[in-house]
Amino acid sequence: MLKTHTCGELRLQHAGQRVELAGWVYRRRDQGGIIFLDLRDRWGIAQVVIDESASPEAHDAAGQLRNEYVVHIKGTVRARPEGTANSELSTGEVEVVADEVELLNPSKTPPFYINQETKIDETVRMKYRYLDLRRPRMQDNLVLRHKVVKFIRDFLDERGFIEIETPILFKTTPEGARDFLVPSRMNPGTFYALPQSPQQLKQLLMVAGYEKYFQLARCFRDEDLRGDRQLEFTQLDIEMSFVRREDVMDLIEEMMIQVTEQVAGMTPMFKPFPRITYQEALEKFGSDKPDVRYDLAAVDVTDLAGKSAFPVFVSNAGEGKPIKVLRAPGLAGSLSGTQLRKAAEELETLARSAGAKGLAWMALGEKEQDEVKGPIGKFFTIEQKVELFERTGAQPGDLLLFMSDQREVVYNVIDTLRRHLANQLGYTDPTKIAFAWVIDFPMFYWNEEEQRWDPSQHMFTATLPEDLPLLDTDPGKARGSQYDLSCNGYEVAGGSIRIHNRAIQEKMFPLIGQTMERAREQFGHMLEAFEYGVPPHGGIASGIDRLVMILAGEPNIREVIAFPKTQQGADIMAGAPSEAEPKQLDELSIKVVLPPKDDKKSDV
RNA sequence: GGAGGCGUGGUGUAGUGGUUAACAUAUUGCCCUGUCAAGGCAAAGAUCGCGGGUUCGAGACCCGUCGCCUCCGCCA
């Protein structure tokens with residue numbers, strides 16, 4: 001090794017020791033007769049001092065160094081002189097007096113700062129990702145990611161789980177997203193699908209009797225990217241036999257608490273995690289993955305507002321459309337009439353973008369006796385207002401936002417406004433973390449377009465035992481054994497107890513508009529396997545990228561993935577995706593036919 | 001597929017139709033023995049993403065296009 005120690009480990013106790021360090025020049029401070037180098041490696045930064053009078057050759061070599069040059073030094077550790085310690089640095093009490101400085105490799109001037117946290121255009125960061133990853137922020141993130149993964153592996157190993165790899169080249173899996181296809185050279189005209197999750201395979205491992213399985217599985221979904229979504233991602237995949245819903249939830253809850261506390265050094269705001277039903281989550285937060293770091297829960301006032309004199313509310317209530325209120329604490333505060341209208345208009349624009357037709361509001365003055373402002377105030381009697389304030393907990397200076405529409409629209413508007421208000425009010429502190437379980441999902445959503453039921457998770461999800469009869473009478477009311485774990489407004493895990501009974505499994509296919517023939521073609525191996533002694537089983541899957549993103553306090557998933565893709569699914573550094581060689585296509589019996597371009601111009 | 005934002009020296013930004021395109025920082029050179037976002041002096045560095053158009057005149061206005069980001073659709 002070219003190093004006896006890492007740059008980050010040197011402490012007072014090393015004083016007097018002769019050491020070798022190697023790393024990158026993080027900063028150089030040339031004082032003339034004395035040169036300071038901040039030498040960086042993955043473990044930290046150490047100050048190296050080169051004194052001209054003591055080591056002229058080393059001083060000369062150090063004078064040639066520039067940022068990001070790779071160097072190897074030999075020297076002696078000593079306590080820094082009185083008054084020159086740097087408390088910002090973990091190695092700040094010591095320095096290495098170098099007598100040999102060897103340049104291992106020079107570097108071009110990097111296109112952006114490695115040694116400063118400034119905003120850099122993501123295009124540039126992606127093009128030079130290997131330099132971006134040199135930055136302490138990215139190194140911290142990837143180290144955290146490693147620790148999370150390592151912790152999880154150990155945690156599950158201690159509890160009798162074994163990790164089993166499942167294939168990447170497989171067959172379409174029933175997750176509902178678009179598949180990535182891989183052509184088979186040996187079987188012209190046929191394709192593998194990359195797994196969207198190892199769902200089927202892990203269930204088959206339960207049939208095989210492994211009982212406790214996990215895998216850090218790479219999964220692929222060919223859908224548009226988002227700040228919290230990539231084409232490929234890593235999923236902690238777990239499946240267990242002979243378990244009930246609570247067994248899986250308890251295991252994950254314990255694991256998440258320990259990871260948060262022991263690896264990320266944070267404490268979940270709620271222990272145990274609150275359990276919210278799907279219905280309650282929608283009614284209060286408008287979302288099945290609510291951010292419960294803050295309250296801001298919507299209040300139903302359909303009965304009350306329906307009796308007001310506001311025509312829209314009266315008619316909506318009559319049609320069974322809900323009327324809900326979101327209270328924005330202190331938001332009306334000291335605003336003037338004009339400012340208030342402007343603020344309300346901005347919120348209305350946002351509400352419209354979420355599907356609302358409008359947004360009614362009421363502002364409470366700062367003092368108790370102040371008049372209630374807002375266009376709909378006059379439609380409510382004094383008594384109605386008093387009750388309204390009581391129910392919503394409204395305080396002087398609050399802004400009340402009213403939503404009324406089709407139920408789904410109202411949910412969407414609540415979710416949008418709630419997230420927006422939380423940001424505006426400073427409730428979204430990334431150093432806080434709050435998990436919440438969402439349970440009792442409906443088994444199916446009605447697909448109006450196709451006139452059929454779509455499974456809300458996937459077709460292997462078991463129905464809650466008490467709701468089993470509903471499958472025959474009223475499938476829309478049947479609740480599944482599904483459980484999702486939300487964290488700071490993101491879904492970080494989701495799973496269910498599975499169907500282990502072939503008769504019930506077969507009942508699912510017609511319900512979701514699939515013929516038995518088609519089901520056998522796609523899932524025949526599953527149905528057949530289910531005839532050979534399937535244990536009751538269930539499991540869960542957790543998006544590791546997303547979890548690490550939250551634990552790292554990062555605003556998007558790319559910050560915790562070494563080589564992520566852009567929103568267009570491109571790798572700017574390598575230039576992927578790219579065209580294939582004709583020879584490759586020939587071997588695969590594939591012909592590329594691009595859609596015609598530029599219809600507008602050819603018309604002219 | 002759609003909506004919005006952004007694109008100006010290496011990087012981050014300013015730029016109100018007429019400026020020698022400004023500032024900070026980085027870079028290069030010189031000076032400097034206790035700095036740590038070191039400091040001082042000096043220099044170099046931009047076809048303003050690309051292509052059209054409007055105008056006497058465009059970094060700015062218009063149209064198109066490309067790229068990046070956020071969001072909707074999609075995806076749990």
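Note that these values count all heavy atoms, side chains included, but never hydrogens, waters or copies made by symmetry. A note on names: the letters A, B, ... follow the listed sequences, proteins ahead of strands, and every chain is numbered from 1.
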For G7(B) versus G51(B), give the span between their C1' atoms, rounded off to a whole number of Å. 16 Å
Would you mind classifying the nucleic acid contact of Arg352(A) as base, sugar-phosphate or nothing, using non-hydrogen atoms under 4.0 angstrom? nothing
Pairwise C1' distance for G17(B) and G59(B), with rounding to whole Å: 11 Å
Enumerate all atom pairs, one protein N or O and one N or O from nucleotides 39-43 of chain B, separated by less than 3.5 Å.
none

Is Gln567(A) side chain donor-acceptor paired with the G67(B) base, going by distance under 3.5 Å alone? no
In terms of side-chain heavy atoms of Glu223(A), which of U70(B), C75(B), U35(B) is nearest? C75(B)
Counting heavy atoms from C-beta on, name the nucleotide in C36(B), U27(B), U33(B) closest to the side chain of Ser53(A). U33(B)
Salt bridge (charged side-chain N to carboxylate O under 4.0 Å, His left out) against Asp99(A), all qualifying residues, sequence neighbours excluded: Arg18(A)
On RNA chain B, more 5' by nearest nucleotide between Thr566(A) and Ser456(A) is Thr566(A)
Please state the C1' separation for the pair G12(B) and A46(B) - nearest whole angstrom. 15 Å
Ignoring backbone atoms, test whether Asn115(A) places a side-chain nitrogen or oxygen under 4.0 Å from the OP1 or OP2 oxygen of C36(B). no
Check this for me: does the side-chain of Gln47(A) come within 3.5 Å of the base of U35(B) through a donor and an acceptor? yes
Nearest to the Asn556(A) side chain among A76(B), C74(B), U70(B), which nucleotide is it? U70(B)
For the side chain of Ala177(A), counting heavy atoms from C-beta on, which of U25(B), U35(B), C75(B) is nearest? C75(B)
Sorted by chain and number, sequence neighbours left out, salt bridge (charged side-chain N to carboxylate O under 4.0 Å, His left out) with Arg407(A) holds for Glu283(A)
Passing candidate, side-chain hydrogen bond (donor to acceptor under 3.5 Å, both in side chains) with Glu122(A), options Arg558(A), Gln567(A), Lys127(A): Arg558(A)
Counting only pairs under 3.5 Å, give me each side-chain donor-acceptor contact of residues 58-66 of chain A, with atom names and distances, residues two or more places apart or in other chains.
unit_1: His59(A); atom_1: NE2; unit_2: Gly32(A); atom_2: O; d: 2.8
unit_1: Arg66(A); atom_1: NH1; unit_2: Gly63(A); atom_2: O; d: 3.2

Does the side chain of Met256(A) come within less than 4.5 Å of Ser542(A)'s, by heavy atoms? yes
Hey, is Asp291(A) close enough to Arg293(A) for a salt bridge, meaning N to O under 4.0 Å? yes
Of the candidates C68(B), G73(B), A76(B), the side chain of Arg229(A) sits closest to G73(B)
Between Ser496(A) and Gln457(A), does any side-chain donor sit less than 3.5 Å from a side-chain acceptor? yes
Kindly say if Arg27(A) contacts the phosphate of A38(B), meaning a side-chain N or O under 4.0 Å from OP1 or OP2. yes
Ignoring hydrogens and angles, are the base of G34(B) and the side chain of Arg78(A) linked by a donor-acceptor pair under 3.5 Å? yes
Ignoring the backbone of Glu491(A), work out which of A76(B), G67(B), C71(B) is nearest its side chain. A76(B)
Out of C74(B), C68(B), A38(B), minimum distance to the side chain of Arg29(A) belongs to A38(B)
What is the distance from CZ of Phe112(A) to C1' of A24(B), rounded to the nearest Å? 19 Å
Is there a donor-acceptor contact under 3.5 Å linking the side chains of Glu554(A) and Asn141(A)? yes
What nucleotide, of G73(B), A76(B), G29(B), holds the atom closest to the side chain of Arg226(A)? G73(B)
Any donor-acceptor pair under 3.5 Å between the side chain of Tyr445(A) and the base of A76(B)? yes
Heavy atoms from C-beta onward define the side chain here; which of U35(B), U28(B), U33(B) lies closest to that of Phe36(A)? U35(B)
Asp224(A) meets the salt bridge (charged side-chain N to carboxylate O under 4.0 Å, His left out) criterion, sequence neighbours left out, with none
Tabulate atom names and distances for all N/O pairs under 3.5 angstrom spanning the protein and nucleotides 12-15 of chain B.
unit_1: G12(B); atom_1: OP1; unit_2: Asp121(A); atom_2: N; d: 2.6

